Amino acid sequence: MIKREKIKSLLDTTDFNREVTVMGWVRTFRNNQFIAINDGSCMGNIQIVVDFANTSEELLKRITTGAAVAVTGTLIESLGKGQSVEVKAVTIEILGDSDPEKFPLQPKKHSLEFLREIAHLRFRTNTFNAVFKVRHALAFAIHQFYNEKGFVYMHTPVITASDAEGAGEMFKVTTLDFDKTPRTDDGQVDFSEDFFGRATNLTVSGQLEGELAAMAFGQIYTFGPTFRAENSNTTRHLAEFWMIEPEVAFADLEDNMQLAEDMMKYVISYALENCKEEIEFLNSRLLEDEKTKPQNERSELSLIDKLNFCLNNEFQRLTYTEAIAILRSSKPNQKKQFKYLINEWGADLQSEHERFLVEKHFKKPVILTDYPADIKSFYMRQNEPDAEGRKTVAAMDILFPGIGEMIGGSQREERLDKLTQRMDELNIPQEELWWYLDTRKFGSAPHAGFGLGFERLVLFVTGMTNIRDVIAFPRYPKNAEF
Ligand code: 4AD
Ligand code: MG
């Protein structure tokens, strides 16, 4: 068995003058005397003091940035600046060499773009150590939040035959041989010959299956990977991302909004409390970054201010119709600065509009509700048409500063006749969703839920600016490396 102590606990201790063993990767080696080792347990390194007069030159040469080493020595209080403890090495063993000519991570600042190309090694930087610790904490906090509330964690299928969002942005799953695809008499691909005997795809959302479970357990949530084959090359979109989807029976849109706001505040405050060091690091990182920008592009709040602001303020709630009125008379609309001008009710909101509402107008998270039925999914509950006969659904989108849409959800259409009528209008075949419709036939009840894009949450809490930097190995158009 390998015995070692973690650097995190050694940096915190005052139990000096004892023998310790640390293992980690060399960050720097100065003056043939001081090795900074990091083992990932925290962002900090421990300093190893090498007795270089009594260390062979051959070994000294192998202590290079990136090498894995095991050091046994005496833990002592450090007299040097910048660290409280250090290890006076007695033995140093190289576990794995790292050719300094070839190792791409040098002890200097690398651009995030460059680090994306070496995503297999970028975990070894302080920035990515911090980002992925925060990501971990947020995932844990989400489970804790729902567990405390008595929700059941459901694992919904990754491979499915249905299109939960009705948007058709799906990756096909098949074992058919592309060179000799079986054909039906009318020339179509014969999926009856395929692995599942029918056409299947990677799920875009676990919601429909989540609803089935909610209609038995009362409260469930999913937390799993989802896939979208949309050709979006933006800093907010991934082809593979993780989504949290709670679904609650006997709940309406109001309950849904409350649950979402409570969850967001719970997980953000968990991260602030449990990732102090990481968030402070990311906060300073962002401040440095801001200094390189022109004054008028700098953000008014630091990362930590932004997170606290979000905790201490109620999310602004308003309807789509109210938002359209604000947008229509807004300066950028009047001055034709929006790329997509808002002229009439019914227009889909673009990210420029969402950003205006959140960042310029309200300056806080916003919950937009009651969108036009025509721009939302088939399963959303139909509201009574308004005085002007316009049709809306009980939908909600939660918009965050710097992010845009963080959460999308709705109260669900629990009335069978209304649901099937809408499906017919949208040409969604009822036979394919027979099991979904069954819940409306046997003990239907009001229910609601939403989906939180996990990477967008991580983006907000870490203050990173590109979604490709908050997931280990991002998948996006023309990229599936690693
Ligand atoms: O708004 P969306 O498409 O909603 C649903 O999928 C519903 N079935 C959720 C539900 O009601 N249970 O996606 C939900 C969230 C978005 O608000 C966004 O945060 C995130 O998922 N999201 C993406 N994140 C990264 N990359 C993408 N391509 C994303 N598409 C959606
Ligand atoms: Mg959405």
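Note that this is a predicted model, so its numbers are computed, not measured. Both ligands and their constituent atoms are indexed starting at 1 by order of listing. Computation of the quantities below employed the complete heavy-atom set of this structure, encompassing side-chain atoms and omitting hydrogens, waters and symmetry-equivalent molecules.
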- Message: Any heavy atom of R412 closer to ligand 1 than 4.0 angstrom?
- Response: yes
Output for pair (E425 CD, F378 CZ), nearest 0.5 Å, gives 13.0 Å
Can you find a side-chain donor-acceptor pair between Y379 and E414 that sits under 3.5 Å? no
Is there a donor-acceptor pair under 3.5 Å between the side chain of R135 and the backbone N or O of V470?
yes
Closest to atom 16 (C) of ligand 1 (heavy atoms only, candidates R475, E240, E405, R236) is E405
Next item on the list: Give a yes-or-no answer on whether the side chains of E148 and Y266 include a donor-acceptor pair shorter than 3.5 Å.
Entry: yes
Note: ligand 1 atoms sitting under 4.0 Å from heavy atoms of G409 are 11 (O)
For this session: Determine whether the aromatic ring centres of F315 and F400 lie less than 6.0 Å apart.
Result: yes
Note on the Mg ion (ligand 2): protein N/O/S atoms within less than 2.8 Å are E405 OE2
**Prompt:** Any side-chain donor-acceptor pair under 3.5 Å between Q258 and D262?
**Reply:** yes
If you scan protein heavy atoms around atom 14 (C) of ligand 1, the nearest is M243 SD, 3.4 Å
Item checked: Donor-acceptor side-chain pairing of S410 and R412 below 3.5 angstrom -> yes
Nearest non-hydrogen protein atom to atom 5 (C) of ligand 1, with distance, is E165 OE2, 3.4 Å
| Any E230 heavy atom less than 4.0 Å from ligand 1 | yes
for atom 3 (O) of ligand 1, nearest protein heavy atom and its distance come out as R228 NH1, 2.9 Å
In this structure, atom 20 (C) of ligand 1 is nearest to the protein heavy atom G453 CA, 3.6 Å
Do we see a donor-acceptor contact under 3.5 Å between the side chains of T392 and R390? no
### Message
Looking only at the side chains, is there a donor atom on one of S330 and N333 sitting less than 3.5 Å from an acceptor on the other?
### Response
no
re atom 26 (N) of ligand 1, the protein heavy-atom contact at minimum distance is L238 N, 2.9 Å
For atom 12 (N) of ligand 1, the closest protein heavy atom turns out to be E245 OE2, 2.7 Å
the protein heavy atom lying closest to atom 18 (C) of ligand 1 turns out to be R456 NH1, 3.5 Å
Exercise. Under 4.0 angstrom from ligand 1, any heavy atom of F400?
Worked result: no
* Asked: Where does the angle between the aromatic ring planes of F140 and H136 fall among parallel (under 30°), tilted (30 to 60°) and perpendicular (over 60°)?
  -> parallel
A student comparing F241, F227, F454 should find that the heavy atom closest to atom 23 (C) of ligand 1 comes from F241
protein heavy-atom neighbour closest to atom 19 (O) of ligand 1 works out as M406 O, 2.8 Å
Note: ligand 1 atoms sitting under 4.0 Å from heavy atoms of Y379 are 7 (C), 8 (N)
Of G451, P474, G404, the one whose closest heavy atom lies nearest atom 15 (C) of ligand 1 is G451
Can you tell me if Y340 and E352 form a side-chain donor-acceptor pair at under 3.5 Å?
no
Value for CD (E117) from CZ (F482), rounded to nearest 0.5 Å, stands at 8.5 Å
query: Can you tell me if S410 has a non-hydrogen atom under 4.0 Å from ligand 1?
result: no
Short version for T226: what comes under 4.0 Å of ligand 1, heavy atoms counted, is neither
Regarding T184 and D190, do their side chains bring together a donor and an acceptor under 3.5 Å, going by distance alone? no
Exercise. Could you tell me how the ring of F227 sits relative to the ring of F171: parallel (under 30°), tilted (30 to 60°) or perpendicular (over 60°)?
Key: perpendicular
Exercise. Specify whether Y153 and Y221 have parallel, tilted or perpendicular ring planes, treating 30° as the upper limit for parallel and 60° as the lower limit for perpendicular.
Key: parallel
